[in-house]
Amino acid sequence: MFISIQNKIIVLLIAFTLLPFVVLKILAFPKVEADVEKLQIRHLSSAGHKQAVLVSNWMRERMTDVLVIADNPYMVNSINLTSKDAEYSEELRYLELVVVEYGYMGAFVCDNKGLVTIATIKESVGRDLSNKDYIKNALLGNPSASSIMPSEVPLVNEFDEKEIGVPTMFVSTPLKNKMDDIIGVVVLRVHAGTLSNMMNSLKFGKTGESYLVNEEGYMISESRFADKLKAKGIVEKRCTLELKVTDPETGELTSGVAQCISGNNGFDGKGYSDYTGITVLGVWHWLPEFKWGIITEIDMDEGYGLAHNLHFIVNAILFVIAFPVILAAYLMGRQVANPILRLRAIAEKLASGEDLSQRIDIQQKDEIGGLADAFNTMVSSLETQKKELTASQMRYKRRIHSLMEGIYECEPGVDGVFTWINQAGAEILGYNTPEEVLGVKVETIYLDLKDRQRLVERLEKDGVWMGFVSHCKKSNGDKFYMERTSNMVRDENGKPILIFGVFRDITERKKLEEELHASEKQHRALLNSISDGVYQCVPGLEGAFTYINLAGAEILGYSSPTEVIGTRVVDIYVNSQDRNELIETLQKEGVCKDYTAFCKKKNGERFIFEVSCSLVRDDSGKPIMIEGIFRDMTDQ
């Protein structure tokens with residue numbers, strides 16, 4: 001059958017004109033769309049992981065604060081104090097200073113029966129908290145943190161009003177005496193709003209948010225969109241403890257929350273309904289030590305907006321130019337053959353997605369010229385969006401590189417190499433730039449290869465190791481101590497794909513710790529080498545020994561100093577009036593030399609006791625301890 005050249009050219013013109021766009025739509029743009037979607041999920045996962053690290057570190061700081069307070073030796077006295085005691089106001093001022101200085105809502109101390117003995121909130125004094133888990137755990141010797149719960153005493157809420165039921169939480173730790181017996185509990189009341197501010201500090205997009213949920217699926221941090229939720233009547237006062245994160249259509253927990261509180265970390269790139277019924281992309285991290293979940297979500301329309309826009313643009317262009325191209329092919333025939341071939345050639349280059357600077361230069365005032373302009377507009381849009389995406393990536397990298405601590409990624413396994421590191425990390429390892437570190441085996445920075453093996457084994461087993469310290473070396477051979485927190489990242493099938501972590505140089509801290517340990521050891525060795533007894537005790541007639549050297553313990557008939565600590569000094573005197581006389585002399589003169597009295601050893605044996613001692617006062621003149629030297633004068 002005869003087919004004219006013109007018809008062939010028309011057919012070829014149509015085919016070659018539309019084919020590149022079909023290729024773009026079927027091959028290139030689906031790939032670009034998939035890559036953009038993967039990138040969005042990575043950004044979302046990175047934001048969620050950062051929030052998880054922030055929350056974990058913040059909670060550990062709270063636990064450290066309460067441990068520091070409990071280690072204060074004067075806190076032991078607060079168990080038996082009442083508001084009538086002179087020391088009560090000082091202990092209360094100390095707790096109030098901690099609350100103000102570190103931003104807590106309150107602090108209090110309970111005795112070993114769970115009764116509050118001293119508190120910065122007056123309503124708390126005398127309350128029986130023995131049924132609270134954070135009190136029970138602390139009395140068993142375990143530092144503890146409660147979940148977010150409504151307050152049982154009036155607290156100032158976010159509206160500057162006193163309210164019972166304000167979301168709050170507690171961190172607690174056992175309070176121990178010198179004998180290491182648990183005599184009570186120190187508790188800090190944490191403002192739940194601090195967590196909300198932390199979660200809302202990281203903002204991404206117009207619809208992205210991160211929030212915390214408890215194991216029942218209730219939100220325990222404020223939503224970024226709390227005002228809108230109040231306006232819709234979804235919540236009354238606040239999201240925390242009021243909003244259960246459920247799908248409005250099913251009444252069941254949202255997919256992300258349900259999987260998170262079941263103990264799984266993961267993401268959903270296909271979308272699910274959030275608590276307002278909007279389809280979102282989600283990433284979740286479960287924090288088992290606190291029984292909290294971190295949910296990071298963004299509306300699917302915004303998250304995949306770039307990919308969807310590309311899809312729409314391609315469809316729109318194909319629809320708009322299809323008929324003009326067919327008409328132009330019919331009218332122009334051979335005349336349009338060459339421009340179409342040029343269009344095809346450039347479109348094929350663009351289909352690879354590598355060079356978006358290509359443009360079609362056809363100076364015609366017809367449909368082909370219009371097609372070229374539309375095509376150039378589309379490519380310009382793609383190029384602009386690619387530049388914006390690249391700029392966003394560069395801003396993120398600059399922020400990472402500006403951190404003072406090292407952040408790295410490496411291959412899993414003992415033989416793994418560095419695949420990424422920030423500027424601070426490269427400098428800690430003795431390199432000038434991160435590029436110098438890439439490809440270096442991680443095991444080469446360890447002085448002892450077994451440390452690397454232990455870290456990898458621990459990560460393969462538990463997935464994370466926080467605060468791991470090892471002896472390492474820099475590129476120039478200088479040795480230093482490194483403290484790191486590392487995480488094993490796995491794919492959907494549970495296969496390790498990389499190790500991600502944060503590290504710092506703690507050489508100076510380690511050196512100070514070693515010097516302090518050596519100094520304490522030398523000091524105690526010196527005191528224990530003295531044949532006379534050296535001691536410290538609480539001032540007053542009822543004061544007990546707080547320190548004694550080995551010679552002093554043996555003079556009193558004990559086998560070790562620890563047996564003496566906590567014993568009342570007056571109990572070693574045969575006549576307690578001698579102790580009273582010594583105390584009166586110290587209060588008047590501040591020092592007493594060669595004072596002699598009859599005393600008794602642990603087994604009741606009497607001996608002549610000669611002591612020289614002094615009364616130590618603080619800056620305000622208040623007695624804080626008695627320290628002195630004594631010897632057995634029986635045989636002299």
Side-chain angles (χ1 to χ4, degrees), residues 69-95 109 111-112 117-118 174-184 186 520 523-524 527-528 530 532-558 560-593 595 597 599-602 609-631:
I69 297 173
D71 283 342
N72 187 327
Y74 295 105
M75 291 304 299
V76 175
N77 300 331
S78 63
I79 293 298
N80 299 317
L81 293 177
T82 66
S83 59
K84 297 179 180 180
D85 295 320
E87 296 179 356
Y88 182 88
S89 59
E90 295 183 8
E91 298 287 350
L92 182 59
R93 279 197 299 271
Y94 171 69
L95 291 178
V109 178
D111 60 20
N112 58 9
T117 60
I118 184 170
L175 180 61
K176 300 180 180 180
N177 60 18
K178 296 293 183 179
M179 302 299 291
D180 208 33
D181 296 326
I182 297 176
I183 61 173
V186 177
E520 291 178 349
H523 178 68
R524 292 192 178 276
L527 291 179
N528 286 330
I530 299 174
D532 291 341
V534 179
Y535 76 98
Q536 292 177 343
C537 70
V538 178
L541 183 61
E542 300 295 325
F545 285 103
T546 58
Y547 169 77
I548 191 168
N549 67 345
L550 180 59
E554 292 175 347
I555 291 174
L556 297 179
Y558 294 88
S560 68
T562 55
E563 295 184 68
V564 186
I565 303 304
T567 301
R568 295 193 314 165
V569 182
V570 71
D571 292 339
I572 72 170
Y573 285 83
V574 173
N575 186 356
S576 61
Q577 186 60 35
D578 292 337
R579 170 68 174 171
N580 192 34
E581 181 180 333
L582 175 62
I583 295 299
E584 290 177 354
T585 301
L586 289 174
Q587 290 176 342
K588 292 178 180 179
E589 302 180 8
V591 64
C592 181
K593 295 183 177 181
Y595 181 80
C599 291
K600 55 187 176 182
K601 299 184 178 182
K602 178 183 178 182
F609 175 85
E610 183 182 82
V611 62
S612 295
C613 55
S614 61
L615 181 63
V616 180
R617 300 176 182 271
D618 60 16
D619 294 340
S620 63
K622 179 182 175 181
I624 58 175
M625 80 165 86
I626 297 173
E627 58 182 9
I629 300 176
F630 67 89
R631 59 177 60 91

Spacing of I118 atom CD1 and N77 atom CG [to the nearest 0.5 Å]: 10.5 Å
V109 vs M75 side-chain heavy atoms within contact, under 4.5 Å: yes
Minimal non-hydrogen separation, Y547 against V534, with atom names: CE2-O, 4.1 Å
Shortest non-hydrogen contact between L556 and F545, atoms and distance: CD1-CZ, 4.1 Å
If you look only at distance, which donor and acceptor atoms sit under 3.5 Å apart when one is on a side chain in residues 574-586 and the other is two or more places apart or in another chain?
residue : atom : partner : partner atom : Å
N575    : OD1  : Q577    : N            : 3.1
R579    : NH2  : G540    : O            : 3.2
T585    : OG1  : E581    : O            : 3.0

D181 side chain to I183 backbone, donor-acceptor under 3.5 Å: no
Which residues share a side chain to side chain donor-acceptor pair (under 3.5 Å) with K601, sequence neighbours left out: none
Atom of E91, atom of Y74 and distance for their closest heavy-atom approach: OE2-O, 2.6 Å
Min side-chain heavy-atom separation L550-P561 under 4.5 Å: yes
Those residues that, when tested against D85, pass side-chain contact (heavy atoms from CB on, under 4.5 Å) (two or more places apart): L81, T82, Y88
A70 to P174 - nearest heavy-atom pair and separation: CB-O, 3.8 Å
Contacts of E610 that satisfy side chain to side chain donor-acceptor pair (under 3.5 Å) - sequence neighbours left out: R631
ring-ring contact (aromatic ring centres under 6.0 Å, His included) partners for F630, two or more places apart: Y535, F609
Gap separating the CD atom of E87 from the CG atom of N80, nearest 0.5 angstrom: 10.5 Å
Contact summary for I548 and A553, nearest pair of heavy atoms: CD1-N, 3.7 Å
I629 side, atom CD1; K593 side, atom NZ - distance, nearest 0.5 Å: 11.0 Å
Identify all side-chain donor-acceptor contacts of residues 612-624 below 3.5 Å with residues at least two apart in sequence or on another chain.
residue : atom : partner : partner atom : Å
S612    : OG   : D594    : N            : 3.0
S612    : OG   : D594    : OD1          : 3.4
R617    : NH1  : G621    : O            : 2.9
D618    : OD1  : S620    : N            : 3.0
D618    : OD1  : S620    : OG           : 2.7
D618    : OD1  : G621    : N            : 3.0
D618    : OD1  : K622    : N            : 2.8
D618    : OD2  : S620    : OG           : 3.3
K622    : NZ   : E90     : OE1          : 3.2
K622    : NZ   : E90     : OE2          : 3.4

